[in-house]
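Just below is one structure, and these are the notes that go with it.
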There are 2 protein chains.
Amino acid sequence: MYNIDSRSAIPVYEQLKRQIMLSIVSGRLDDGDKLPSIRELAAALRINPNTVAKTYRQLETDGFVTSRKGLGVFITTGNRELQSNRIEIFEELTDEYISKAAGLGLTADEIMKGLERSLKGEIEHDKNE
Amino acid sequence: MYNIDSRSAIPVYEQLKRQIMLSIVSGRLDDGDKLPSIRELAAALRINPNTVAKTYRQLETDGFVTSRKGLGVFITTGNRELQSNRIEIFEELTDEYISKAAGLGLTADEIMKGLERSLKGEIEHDKNE
DNA sequence: TCATCTGTATTACTATCATAGTACAGTAGT
DNA sequence: ACTACTGTACTATGATAGTAATACAGATGA
């Protein structure tokens, strides 16, 4: 399911938020799909329910999901808040990303393949056993 | 120089650490080069000297730099193999890029197409093209 | 109605992050 | 010696992050 590294400098709620966002934008989670319940996901990831609740709350603020008391949390691609200048911002992000990756010595092909791999959610952290 | 986002969920000391590591692995900082002094860099980035000191301390623990009291902090890559760091840093860059783009409301497909388009304009083609 | 699930809210506690300020020790140039 | 740098160390404070436990409210099915 999802992968949490408690030793990471990135907060747990942020790690989880990023992975769920990635699942949504890559189409693995679709409009109307139900996320695991807060308590269920917390138990599965061995983290605190409050931390999962914080993630879900932020995802709702960003328009990715909608919470319904007694029912659960559901994907909502409809009412996402889009910035008017998001294209320009995205192009700046892209230029910056390319610049850094090229500085590392990566070719255009390697950059594309690396991005594709990460978009597919292929995460490889040091997993023992 | 370096870029700090105080609103990011990633701690300031970690943002700075990643950027300095990127400079080293990219070759912009070479063996023996002197980093800005703690107080100088803190003033330039408008962050606390203790935070810069923490970054430098961790970089020293990781073997990227050596601190000398009264003199400064110097790059010491030695005969370290930077190849493993290269991939690790690229994956961190990619994760950051995807998270920001997804936060803008872009789908995985849009991200891939946008990157591909920018790559064609910005990177010199290799000989095997 | 009752049990059991769901999200939500609150309090308490610990650890980390970042800040501010002070102080001490090593190096170099005048 | 003096000054001005350098890294290092320490205390203190406030904001976040994460955990733990409890309670409340809405939804569902027996």
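None of the values given here were measured: they were computed from a predicted structure.
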Taking only N and O in the side chain of B/Asn48, is any of them less than 4.0 Å away from OP1 or OP2 of C/dA20? yes

If you apply the rule side chain to side chain contact (heavy atoms under 4.5 Å, CB included), what do you find for B/Phe74 with B/Asp31, and how did you get there? CA-CA 8 Å; B/Phe74 303 86; B/Asp31 212 359; over 6 Å; no

Please state how far atom OH in A/Tyr56 lies from atom P in C/dG7, giving the value in whole angstrom units. 7 Å

Separation of atom NZ in A/Lys17 from atom P in D/dG18, rounded to whole Å: 13 Å

Check the hydrophobic clustering (I, L, V, M, F, W, Y; side-chain heavy atoms under 4.5 Å; chains of links allowed) and say if A/Ile10 and A/Met21 are grouped together. no

Quick one: on DNA chain C, does A/Ala9 or A/Ile38 contact a more 5' nucleotide (nearest heavy atom)? A/Ile38

Taking only side-chain N and O atoms of A/Lys54, does any of them lie within less than 4.0 angstrom of OP1 or OP2 on D/dG18? no

Quick note, B/Val12 side chain, CB onward, closest among C/dA25, C/dG7, C/dA18 is C/dA18

Could you grab the distance from atom CZ of B/Phe64 to atom CG of B/Asn85, nearest 0.5 Å is fine? 4.0 Å

So A/Ser37 and A/Arg39, side-chain hydrogen bond (donor to acceptor under 3.5 Å, both in side chains) or not? Walk me through it. CA-CA 6 Å; A/Ser37 80; A/Arg39 292 172 180 84; over 6 Å; no

Grab the CG-C1' distance between B/Asp5 and C/dA18 for me, whole Å please. 15 Å

Closer than 4.0 Å, any side-chain N/O of A/Ser37 to the OP1 or OP2 of C/dT6? yes

Taken to the nearest whole Å, CZ/A/Phe74 to P/D/dA27 is 12 Å

Closest to the A/Glu40 side chain, choosing from C/dA28, C/dT6, C/dA18: C/dT6

Is it the case that D/dG7 (base atoms only) and B/Arg39 (side chain only) share a donor and an acceptor within less than 3.5 Å, ignoring hydrogens and angles? yes

What is the separation between atom CZ on A/Arg68 and atom P on D/dT28, rounded to the nearest whole Å? 9 Å

Taking CD from B/Glu14 and C1' from D/dT16, how many angstroms apart are they, rounded to a whole number? 16 Å

Between B/Ser6 and C/dA18, does any side-chain N or O lie under 4.0 Å from OP1 or OP2? no

Taking the side chain from A/Asn48 and the backbone from A/Asn50, do they hold a donor-acceptor pair closer than 3.5 Å? yes

Options D/dT8, C/dT19, D/dA25, nucleotide nearest the side-chain atoms of A/Lys69: D/dA25

To the nearest Å, give me how far apart CG (A/Leu59) and C1' (C/dT8) are. 16 Å

How long is the line joining OH of A/Tyr13 and C1' of D/dT19, in whole Å? 16 Å

With a 4.0 Å limit, can you tell me whether B/Ser67 has a side-chain N or O closer than that to the phosphate oxygens OP1/OP2 of D/dT6? no

Nearest listed nucleotide, side chain of B/Leu71, among C/dA28, C/dT8, D/dG7: C/dA28

